[in-house]
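Encoded as structure tokens, the structure appears first; notes follow it.
To find a chain, count down the sequence lines: A is the first, B the second, and so on, and within it residues start at 1. This structure is a prediction, so every number in the text was calculated from the model and none was measured.
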2 protein chains.
Amino acid sequence: MARSQPDVGEVDDVDLAILAVLTARADITNKALAERLHLAESTCAHRVRVLRRRGLIIDTRARVDIAALGFPLRAVVNVRLGSHTKAGVTQLFQALTQIPGVIEVFHVAGEDDFVLHVAAADAHALRDLVLEHITVHPSVRSTETHLVFDRRDGVGVLPAG
Amino acid sequence: MARSQPDVGEVDDVDLAILAVLTARADITNKALAERLHLAESTCAHRVRVLRRRGLIIDTRARVDIAALGFPLRAVVNVRLGSHTKAGVTQLFQALTQIPGVIEVFHVAGEDDFVLHVAAADAHALRDLVLEHITVHPSVRSTETHLVFDRRDGVGVLPAG
DNA sequence: CATGAAACTTAGCTGGC
DNA sequence: GCCAGCTAAGTTTCATG
């Protein structure tokens, strides 16, 4: 069962180029994008619309400076469960995403069950986040909090952007 | 030195509301955004421009469906170093971000030094990513790769979006 | 599929309230 | 902060190779 091809029709090089640009600067005008890729504006707009409709472009989001907003502390929190019923895991997953300050949640294989990326105003707030919102959960056996010194974007899977 | 206030002027509730909307849908038109927040279009456009200039809005990016692009496997990779010279750590940090498939890199405190979020086409490609690009680095002592079952966005630090 | 040229929509700017 | 009016710029639609 060779399934190396995505389940979403074909994605040619032009599509990839569009995606590469848009993942870096989604607010580029269609006109500028078309120029950069040597496409007609109408063609470019059409391809972008199709990429959206096919779900290859999920959405577009502004990135805000969380530190400047008053949350300069970041941490990676590993969460380990005691029991592993499917319902319990699913429910906790959802609950974790709803905790104020939680930026993303990974459900992972291994000894730890969840890896969270969180932001907090200071060490005190970080402690409260972990103790009052995570550890408190009955199915949580333990947590491990690692302060983030720095975070950077990787190049991802797309060609040169 | 109380420094609870961000170093970027004031951010009032309207600004926060703008940021909340834009972090969810950056492609909303200024007109629609103004309506939703009960602002005049001119006021709304002005505030958004100021938020950009102040750096509170960093940029805006399209999110692509990496799995549909042919990279359905995700993993969290913990990287531990042998030596910890500042130059070595900095250089490795940069190198990790440049590895194809690496989505984000955290430099963290604790026994592990880096936490990576990566995408790969299949288990084989994932192994190659780790062995050929990470483990191979002289200052890397060990790695731990955890398959990601699922990933979700958290609510973050902004009010209801 | 891609294109160019219409009608339509939006953003950016100005002065004035 | 809001309004109004204006101009430039961008987007969408459609008929056509």
Side-chain angles (χ1 to χ4, degrees), chain A residues 4-65 68-70 157-161, chain B residues 5-66 68-70 157-161:
Chain A
S4 56
Q5 285 310 92
D7 53 351
V8 186
E10 275 302 321
V11 181
D12 64 19
D13 290 349
V14 176
D15 289 327
L16 287 179
I18 290 174
L19 294 176
V21 173
L22 258 33
T23 49
R25 324 177 42 82
D27 57 350
I28 189 175
T29 63
N30 178 66
K31 185 179 183 174
L33 180 61
E35 262 180 36
R36 186 158 160 184
L37 270 51
H38 308 292
L39 292 176
E41 297 175 26
S42 51
T43 308
C44 188
H46 179 251
R47 292 188 88 121
V48 172
R49 226 176 302 126
V50 171
L51 286 171
R52 273 185 197 283
R53 203 168 10 235
R54 290 203 290 179
L56 270 151
I57 296 175
I58 300 167
D59 58 15
T60 116
R61 300 188 164 188
R63 296 197 308 164
V64 311
D65 187 340
L69 268 183
V157 299
L158 290 167
Chain B
Q5 285 309 94
D7 53 352
V8 186
E10 275 302 323
V11 181
D12 64 17
D13 290 349
V14 176
D15 288 326
L16 287 179
I18 290 174
L19 293 176
V21 173
L22 259 32
T23 49
R25 324 179 45 81
D27 56 350
I28 189 175
T29 64
N30 178 65
K31 186 178 182 174
L33 179 60
E35 261 179 38
R36 184 158 160 185
L37 269 51
H38 308 290
L39 293 176
E41 295 176 28
S42 54
T43 308
C44 187
H46 179 252
R47 292 188 88 121
V48 172
R49 226 176 302 126
V50 170
L51 285 170
R52 273 185 198 283
R53 204 167 14 234
R54 292 203 289 179
L56 271 151
I57 296 174
I58 300 168
D59 58 15
T60 116
R61 300 189 165 187
R63 295 198 306 165
V64 311
D65 187 340
I66 295 179
L69 269 183
V157 300
L158 290 168

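- Taking atom CD on A:Glu35 and atom C1' on D:dG10, their separation rounds to 12 Å, with Å as the unit.
- Taking atom NE2 on A:His38 and atom C1' on C:dA2, their separation rounds to 16 Å, with Å as the unit.
- Taking CG from B:Asp65 and CD1 from A:Ile58, the interatomic distance works out to 5.0 Å, rounded to the nearest 0.5 Å.
- Within the 4.0 angstrom heavy-atom criterion, only backbone atoms of the sugar-phosphate kind lie near A:Thr29; the bases stay farther away.
- Counting to the nearest Å, the P atom of C:dC1 and the CG atom of A:Leu37 are 17 Å from each other.
- Contact of A:Ser42 with C:dG4 (side chain to base): a donor-acceptor pair of N or O atoms is detected under 3.5 Å.
- A 4.5 Å side-chain heavy-atom check between A:Arg54 and A:Asp15 finds at least one atom pair inside the cut-off.
- Here C:dA11 is the nucleotide among C:dA11, C:dC13, D:dC2 with the atom lying nearest to any side-chain atom of B:Lys31.
- Rounded to whole Å, the distance from CG on B:Asp27 to P on D:dT12 is 11 Å.
- Protein atom CG of B:Leu33 is 16 Å distant from nucleotide atom C1' of C:dG12, rounded to whole Å.
- No donor-acceptor pair closer than 3.5 Å links the side chain of B:Asp27 to the backbone N or O of A:Thr60.
- Listed nucleotides: C:dG4, D:dT12, D:dC2. Nearest to the side chain of A:Ala40: C:dG4.
- Look at CG on A:Leu39: it is 15 Å from P on D:dT12, rounded to the nearest Å.
- Note that CD of A:Glu41 and OG1 of A:Thr29 are 8.0 Å apart. Values are rounded to the nearest 0.5 Å.
- Taking side-chain N and O atoms only, A:Arg47 has no distance below 4.0 Å to OP1 or OP2 of C:dC1.
- Put simply, CD1 on A:Ile28 is 11 Å from P on D:dG10, counting in whole angstrom units.
- Within the nucleic acid shown, A:Glu41 comes within 4.0 Å of at least one base atom, counting heavy atoms only.
- Of the listed residues (A:Asp13, A:Thr23, A:Leu33, A:Leu56), just one forms a side chain to side chain contact (heavy atoms under 4.5 Å, CB included) with A:Ile18, and that residue is A:Leu33.
- Taking atom CZ of A:Arg49 as the reference point, atom P of C:dA2 lies 13 Å away to the nearest angstrom.
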